[in-house]
Structures are given as C-alpha cells and as structure tokens.
Colleague: 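Input: one structure, supplied below.
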Amino acid sequence: MRRVRAALCRSYGPPEVVRVEEVPAPELTDGAVRVRVAAAAVNFPDVLLIAGEYQISVPPPFVPGSEFAGVVTEVAGRSGLEVGDRVTGTGLVGAFAEEVVVGADSLRRVPAGVGDHRAAAFGVAHRTAYHALRSVAGLRPGDELVVLGAGGGVGLAAVQLGVLLGASVTAVASSADKLAAAASHGARLRVNHRETALREALREALPDGADVVLDPVGGALSEPALRSLRRGGRFVTVGYASGVIPKIPLNLVLIKGVRILGFQFADLVAAAPEEFRRNEEELTALLTSCPALPHIGATYPLGEVASALRRVADGQAIGKILVDLSR
C-alpha cells in the first residue's frame, strides 16, 4: 500500500495533538480527483475541528486542513480536469498532506502566472470577504466600512477588497503590527481595541457613523461595532474567531434602523447563481492582475504544522499562515 506524509489528529485537543506521520494514500473514488499538494493554508476552523469544537464534527483520526493548491495527478471519471492541471481547492479536512482527494467541483484551475502560495492563500479569505462585501453588504463607492479582525486572513482581505471597491476603510485589530499591515493594504483609519474602548474610538473616528461593518471575530467587539452604524447601515457576520458568539440586544436593530446579515457560500449560490459567478470572475481578474494579493504572514514546513496551527489559535497570525509541502 502506497503511503504519504500527513498531519494526523488522533484525538481532539490543542494544536499540539497533531503529529506528522506516514499514512495510507487517500483512496480515489469515482468522480474524485487526486492532487499533489504544494501548499496549504491554515484557517481558524481547522483549529476548531482539531479541538472538537467546530459546528461540524469529524471523528478522529483525521488529516486536518481545508484549503490547498497543487497539481492534479489522477482523475476518476469525467471532471473537466486533466493530469498536470494546477488547481486550488477546499474541503472540510485532508489538506495537510502530500496528497488530497476531493470532488472535482471543489477545485478551480489556478490562473497562469499565479504561484502555489498565492493560490493557496487567496481562496477562502478573499472569496469570503468579496462575496460578503459585494453581494451581502452591497458595499458602494464612498461607503464607510469598518472591518473587525483586520489583521487576520478574512479581515485583511476585506480591507484590501473594500478599498478596491471604493470604500473608506477603518481597520480594527489587536496590535500595532496588525494595524500596520491593514494600513499597507489601504485602511484609512485604524483602531487598536486593546488600547481603547471600541465604541468611543469608532464614534470619534466616524462621527456620522459607518455604512457597513464586516465581522469575522464576534465576541465583545460585535456590539460596539454595530452601535457605530448609521441609520440604514449593514452589519455582516462571517465568523467567530474570538470563540464567542455575541449576544446582540435586538432593540438596537429597531432603534437604529440597521440590518444584521449573515453570509454562507451555499446561500448565495442558491439564491443568486449569476451574481455568484460574476463575483468569482471579478475576483479571478483581481488575482491575476495583482491588485488583490493575499498577505502571507508566515510559512511553515509540514513538520511544523502544529506551530502553524498554534499561531492561528493564539490570534498571532497576520494575514494567512501557510504550510509548504513542495519540498
């Protein structure tokens, strides 16, 4: 039986439970595609899955990792893909390994001229941010946009894409380094929520209020950010990286005349497939022409995958953290 190197979670726990081992190569099922992984991105849900705290549970043992880029090495059935195609893809688990097997519909070709690291780092964060801003929030040129968690993968992508969509961006993050990264991607105003009360800081920065808040963090930041919205403003929740689901007093929604909206890919695909395709085409154009480049904060070899996961778990990541499997 052929074997590959992979990060294996044998029991739920902190990132350190993940160890690199040799495991049987994943089985190729009908309609699936085998990819030799060159790079994989670490996302916060990976940490939650390993801890057994994600909204979907995967029983151990399993190979974590949900986002990757690499080369097709084997195809089962008709998929439109061929051996040798460079692809990027997503799946619930399996990416932190030399090989991954996924359905063909989970893969997209990597545009010419785009490297493996950039392809692996771009998918989940930039797609989440762009669809949420473009279609859910209805962001318009001249809007005031507040981005929480502006130093993380989705947050930095939202800063960058918000600027490209013509908004004035206020970045909220927990350190000077994260805010510096947000500034480098075009954030006009910056708030360190560890050093100042967020409600007062946003009131001072945006006396007329914000049009849109994008929140991938949740927790104690959500309510003061929602209070910063002007009448008719839109609050878009896309995740809870703080680990705490906020409890919003609904009277604020009534009194302020604002909307609270959620984003999931499946909802947009089902409700507005043409709009979804338009967004994807626009994103690909932004990636290939380089206005939208993912911020890669650090890259680890597969043997140090637990350290990469720990960096994300502790909120120390700036932009995307990658695992390099090319060597």
Side-chain angles (χ1 to χ4, degrees), residues 44 55 124-174 178-179 182 187-193 196-268 271-272 275 279:
F44 192 70
Q55 55 198 4
V124 170
H126 277 72
R127 291 176 73 216
T128 297
Y130 197 74
H131 288 295
L133 293 174
R134 187 88 160 86
S135 294
V136 181
L139 190 71
R140 299 180 291 265
D143 277 353
E144 291 287 353
L145 167 65
V146 174
V147 178
L148 303 183
V154 173
L156 267 181
V159 169
Q160 184 183 71
L161 294 170
V163 171
L164 290 173
L165 289 170
S168 173
V169 179
T170 298
V172 178
S174 60
K178 291 180 179 181
L179 290 174
R188 184 176 68 89
L189 300 173
R190 297 166 297 282
V191 176
N192 186 330
H193 66 81
T196 184
L198 182 58
R199 182 178 177 183
E200 285 70 25
L202 289 176
R203 182 187 294 145
E204 180 178 346
L206 302 170
D208 295 326
D211 297 289
V212 174
V213 171
L214 187 83
D215 181 8
V217 177
L221 301 182
S222 298
E223 183 180 330
L226 184 142
R227 288 180 181 273
S228 76
L229 288 169
R230 65 180 62 160
R231 182 162 293 276
R234 291 88 70 197
F235 183 101
V236 183
T237 174
V238 297
Y240 309 101
S242 68
V244 178
I245 297 174
K247 297 178 180 179
I248 301 294
L250 287 180
N251 66 310
L252 290 177
V253 180
L254 176 66
I255 294 168
K256 295 181 65 64
V258 299
R259 289 180 287 158
I260 298 178
L261 305 159
F263 168 72
Q264 293 192 80
F265 285 104
D267 294 337
L268 184 57
E275 187 172 353
N279 291 353

Colleague: Given 3.5 Å as the limit, does a donor-acceptor pair link the side chain of Ser228 with the main chain of Ala225, or not?
Modeller: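 Judged by distance alone, yes, a pair lies under 3.5 Å.
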
Colleague: Is the ring pair His131/Phe263 parallel, tilted or perpendicular, if the boundaries are 30 and 60 degrees?
Modeller: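 Parallel, since the angle between the ring planes stays under 30°.
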
Colleague: CD/Gln264 to OG1/Thr128 distance, rounded to the nearest 0.5 angstrom?
Modeller: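 Gln264 CD to Thr128 OG1: 10.5 Å, rounded to 0.5 Å.
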
Colleague: Counting distance only, does the side-chain N/O of Arg188 pair as donor-acceptor with the main-chain N or O of Ser168 below 3.5 Å?
Modeller: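 Such a contact is absent between Arg188 side chain and Ser168 backbone.
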
Colleague: Side-chain contact, heavy-atom cut-off 4.5 Å: Ser222 with Thr237?
Modeller: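 The answer is no, as the side chains (C-beta and beyond) never meet within the 4.5 Å cut-off.
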
Colleague: Could you tell me if the side chain of Asp215 sits less than 4.5 Å from the side chain of Tyr240, heavy atoms only?
Modeller: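 A side-chain contact is absent here, since even the closest heavy-atom pair is not under 4.5 Å.
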
Colleague: What pair of heavy atoms forms the shortest contact from Ala129 to Leu161, and how long is it?
Modeller: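 In terms of heavy atoms, the two residues are closest at CB-CD1, 4.0 Å.
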
Colleague: Main chain of Arg227, side chain of Lys256: is a donor-acceptor contact present, judged purely on distance under 3.5 Å?
Modeller: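 Checking the backbone N and O of Arg227 against the side chain of Lys256, a donor-acceptor pair under 3.5 Å is found.
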
Colleague: How far apart are the closest heavy atoms of Gly138 and Asp143, and which atoms are they?
Modeller: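 Heavy atoms only, the tightest pair is O-OD2, 4.2 Å.
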
Colleague: Do Leu145 and Leu133 have side-chain heavy atoms sitting under 4.5 Å apart?
Modeller: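 In short, these two side chains touch, coming nearer than 4.5 Å.
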
Colleague: Check Ser174 against His193 and note the closest heavy-atom contact, atom names and distance.
Modeller: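 For Ser174 and His193, the tightest heavy-atom pair comes out as CB-NE2, 3.5 Å.
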
Colleague: Roughly how far, to the nearest 0.5 Å, is CG of Leu221 from CZ of Arg199?
Modeller: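 It comes to 14.5 Å.
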
Colleague: Please say whether more than 12 non-hydrogen atoms of neighbouring residues, nucleotides or ligands are located less than 6.0 Å from CD in Glu275.
Modeller: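 Buried by this count: over 12 neighbours within 6.0 Å.
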
Colleague: Can you check side-chain contact (heavy atoms from CB on, under 4.5 Å) on Asn279 and Ser135, steps first, answer last?
Modeller: CA-CA 8 Å; Asn279 291 353; Ser135 294; 2.8 Å; yes

Colleague: With Val172, which of Asn192, Leu148, Val217, Leu179 fulfils side-chain contact (heavy atoms from CB on, under 4.5 Å)?
Modeller: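 With Val172 as partner, side-chain contact (heavy atoms from CB on, under 4.5 Å) holds for just one option, Leu148.
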
Colleague: Given side chains that start at C-beta, do those of Pro249 and Glu223 come closer than 4.5 Å, heavy atoms only?
Modeller: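 The answer is yes, as the side chains (C-beta and beyond) meet within the 4.5 Å cut-off.
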
Colleague: Which of these, Val147, Leu189, Val159, sits in a side-chain contact (heavy atoms from CB on, under 4.5 Å) with Thr170?
Modeller: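 Running side-chain contact (heavy atoms from CB on, under 4.5 Å) over Val147, Leu189, Val159 with Thr170 returns exactly one hit, Leu189.
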
Colleague: Near Glu200 CD, under 6.0 Å, is it more than 12 heavy atoms from other residues, nucleotides or ligands?
Modeller: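 Counting other residues, nucleotides and ligands, CD of Glu200 exceeds 12 neighbours.
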
Colleague: So do Val213 and Leu229 actually touch side chain to side chain, heavy atoms under 4.5 Å?
Modeller: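 Heavy-atom side-chain distance check passes, below 4.5 Å.
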
